[in-house]
Amino acid sequence: MLTVLGRHLQEREYLVGDRLSVADFNAAYVMAV
């Protein structure tokens, strides 16, 4: 799943839309655990 996430973020700054969202914080939390 990290590979998929990495590919997604190569073309974007944020996971969803054009600004920071709960999705970004959730992904960061899951990767840190």
Side-chain angles (χ1 to χ4, degrees):
M1 294 308 296
L2 289 178
T3 302
V4 173
L5 180 61
R7 283 189 209 138
H8 179 78
L9 289 173
Q10 283 179 346
E11 302 171 4
R12 298 166 181 85
E13 188 170 354
Y14 304 107
L15 285 176
V16 180
D18 60 351
R19 62 183 182 169
L20 195 61
S21 70
V22 172
D24 298 292
F25 289 109
N26 189 38
Y29 174 78
V30 169
M31 289 188 292
V33 172

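Small disclaimer: the values here were computed from a predicted structure and weren't measured.
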With sequence neighbours left out, the residues meeting side-chain hydrogen bond (donor to acceptor under 3.5 Å, both in side chains) with Arg12 are His8
Nearest 0.5 angstrom please: Gln10 CD to Leu5 CG, how far? 10.5 Å
Acceptor/donor pairs from residues 16-28 side chains to any protein atom, 3.5 angstrom cut, sequence neighbours excluded:
from: Ser21; atom 1: OG; to: Ala23; atom 2: N; distance (Å): 3.3
from: Ser21; atom 1: OG; to: Asp24; atom 2: OD2; distance (Å): 3.3
from: Asp24; atom 1: OD1; to: Leu15; atom 2: N; distance (Å): 2.8
from: Asp24; atom 1: OD2; to: Ser21; atom 2: N; distance (Å): 2.9

Verify the cluster assignment for Met31 and Met1: are they in a single hydrophobic cluster under the rule of side-chain heavy atoms below 4.5 Å apart? no
